[in-house]
Amino acid sequence: MRNQSAFRASRRLLLRLLFAVAAGTGIGTAQPSESAAPPEEYLLAGQRAMEWTSRFVELGNRPAGSDQLRRQAEMIVANLDRLSCSVEVDRFVAATPNGAKPMRNIVARFGAKSHSPVIVISGHYDTIAAPAFVGANDGGSSAALLMVLAERLDRAGHEGVWLALFDGEEAVVEWNSNDHTYGSRRLARRWSAEGTASRISALINVDMIGDRDLDILYEGNSDAALRREVWDIAAALGYSAAFSTNLGYVHDDHTSFLEVGVPSLNLIDFNYGPRNSYWHTPQDSLDKLSERSFAIVLHVLEVFLQRHNSAR
């Protein structure tokens with residue numbers, strides 16, 4: 001049984017991730033041994049993200065269509081409703097290999113007049129369906145970071161920033177065909193049909209960014225100019241050790257928006273534990289995460305948002 005499970009996990013990994021070797025681009029060059037220490041305010045924000053992650057983990061396994069995920073969505077919406085953003089719950093029914101499942105995306109809009117440009121920061125909040133799996137990093141960390149970012153955007157008075165929390169990123173049975181990214185595909189197609197997608201100047205998706213040994217992949221499907229800008233910001237802040245120059249390709253929620261013409265970037269640490277051994281296992285637990293990793297990603301995202309806010 002253990003060998004069969006390992007085989008299925010390896011197959012999912014191969015289906016989802018194709019690593020590539022690139023020449024002449026600095027790929028494979030040595031990284032600094034450690035990133036700079038984030039400022040105190042971001043470490044405090046990182047602690048807040050750890051608190052949110054803990055609240056989500058306490059709900060247990062949270063796959064799409066489950067009562068636990070419904071409770072998490074209610075928790076997220078209740079918190080967003082206290083802030084200055086407008087909140088939309090995008091309910092839909094997804095056709096999955098295990099039948100129809102109710103799902104819900106959650107969108108928080110901070111400012112932005114009709115037809116003006118917006119930036120979207122996104123991530124998923126569901127987990128795989130496995131009783132012992134609590135998804136601290138894979139599902140928990142992205143949702144927690146977006147909750148803290150929402151609270152900080154509320155205090156800073158940012159405009160033209162939308163946060164999107166996707167349901168159904170994980171496969172219901174196995175990551176192949178269309179059994180994945182249900183929520184992002186739904187929202188990308190809807191926004192494209194409505195003309196909203198043309199207003200999005202950039203979308204940055206976060207996934208598995210709480211790993212205490214942060215190693216964000218140089219993701220090759222992402223928009224090259226957007227990726228270069230974010231990596232330049234990380235370098236200027238002293239975080240190059242956490243932003244890898246190892247090129248790899250990941251199909252994730254950002255792909256849905258690339259397909260409708262939105263410049264999109266994926267920030268994902270797909271090196272979680274030795275040989276990615278914590279991914280999709282019960283070892284994806286709160287003790288594997290760090291407020292420092294949350295702090296680094298938050299700091300980079302906020303500098304990016306500040307640059308683009310001042311340019312409007």
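Not measured: the values here are computed from a predicted model.
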For [Y], is there any backbone N or O sitting under 3.5 Å from a side-chain donor or acceptor partner on [X]?
X	Y	value
Arg199	Ser116	yes
Arg62	Gly60	yes
Thr181	Ser184	no
Ser264	Val262	yes
Asn105	Asp90	no
Ser192	Ala197	no

With sequence neighbours left out, what residues match [X] under side chain to side chain donor-acceptor pair (under 3.5 Å)?
X	answer
Thr127	Asn61
Tyr182	Asp179
Asp232	none

Mind telling me whether Tyr239 and His299 have parallel, tilted or perpendicular rings, with 30° and 60° as the class edges? perpendicular

In Å, rounded to the nearest 0.5 Å, how long is the span from [atom1] of [X] to [atom2] of [Y]?
X	Y	atom1	atom2	value
Ser244	Asn271	OG	CG	8.5 Å
Asp138	Asp126	CG	CG	8.5 Å
Leu80	Glu151	CG	CD	8.5 Å
Asn137	Arg212	CG	CZ	11.0 Å
His124	Ser142	NE2	OG	4.5 Å
Leu289	Ser54	CG	OG	10.5 Å

Regarding Arg55 and the six-membered ring of Trp52, is the cationic atom NZ or CZ under 6.0 Å from the ring centre and inside 45° of its axis? yes

Cation-pi geometry met for Arg152 and Tyr42 (6.0 Å, 45°): yes

Of all heavy-atom pairs between [X] and [Y], which one has the smallest distance, and what is that distance?
X	Y	value
Ala108	Cys85	CB-SG, 3.9 Å
Pro63	Leu69	O-CB, 3.5 Å
Ser122	Leu146	C-CD1, 3.8 Å
Ala49	Ala144	O-CB, 3.3 Å
Lys288	Tyr272	CB-OH, 3.3 Å
Ala241	Glu34	CB-C, 3.6 Å

So do the side chains of [X] and [Y] get within less than 4.5 Å of each other, counting heavy atoms only?
X	Y	value
Asp252	Met208	no
Glu219	Phe270	no
Asp284	Trp279	no
Asn98	Val173	yes
Ile233	Arg307	yes
Phe110	Leu163	yes
His251	Trp175	yes
Ile296	Ile216	no

Following the transitive rule for hydrophobic clusters with a side-chain heavy-atom cut-off under 4.5 Å over Ile, Leu, Val, Met, Phe, Trp and Tyr, establish whether [X] and [Y] coincide in one cluster.
X	Y	value
Leu258	Leu217	no
Met147	Leu149	yes
Leu301	Leu43	no
Val89	Met75	yes
Leu83	Val87	yes

Test applied, side chain to side chain contact (heavy atoms under 4.5 Å, CB included); reference residue, Trp162; option that passes from Ile121, Ile119, Leu153, Thr196: Thr196

Hey, which of Leu214, Asn276, Val206 is the one that makes side chain to side chain contact (heavy atoms under 4.5 Å, CB included) with Asp269? Leu214

For the pair Leu247 and Tyr218, evaluate side chain to side chain contact (heavy atoms under 4.5 Å, CB included) and give the outcome as yes or no after the intermediate values. CA-CA 5 Å; Leu247 179 67; Tyr218 197 74; 3.9 Å; yes

Who passes side-chain contact (heavy atoms from CB on, under 4.5 Å) against Val230, sequence neighbours left out? Ile204, Phe243, Leu265, Leu267, Val300, Phe304

Residues forming a side-chain contact (heavy atoms from CB on, under 4.5 Å) with Ala37, sequence neighbours excluded: Arg292

Between Asn221 and His254, is any side-chain donor less than 3.5 angstrom from a side-chain acceptor? no

Assess the side chains of Ser84 and Asp154: does a donor N or O sit below 3.5 Å from an acceptor N or O? yes

Pairing of Glu88 and Arg190 as salt bridge, 4.0 angstrom limit: yes

Could you walk me through whether Ile200 and Trp191 pass the side chain to side chain contact (heavy atoms under 4.5 Å, CB included) test, one step at a time? CA-CA 10 Å; Ile200 303 173; Trp191 281 354; 3.6 Å; yes

Applying side chain to side chain contact (heavy atoms under 4.5 Å, CB included), run through Phe294 and Thr53 and close with a yes or a no. CA-CA 11 Å; Phe294 282 110; Thr53 308; 3.6 Å; yes

Can you list the steps and then say if Val118 with Arg109 is a side chain to side chain contact (heavy atoms under 4.5 Å, CB included)? CA-CA 9 Å; Val118 297; Arg109 295 178 172 88; over 6 Å; no

Residue pairs, two or more places apart or on separate chains, that pass salt bridge (Lys or Arg N to Asp or Glu O under 4.0 Å) and touch residues 64-77: Asp67-Arg70, Arg70-Glu74

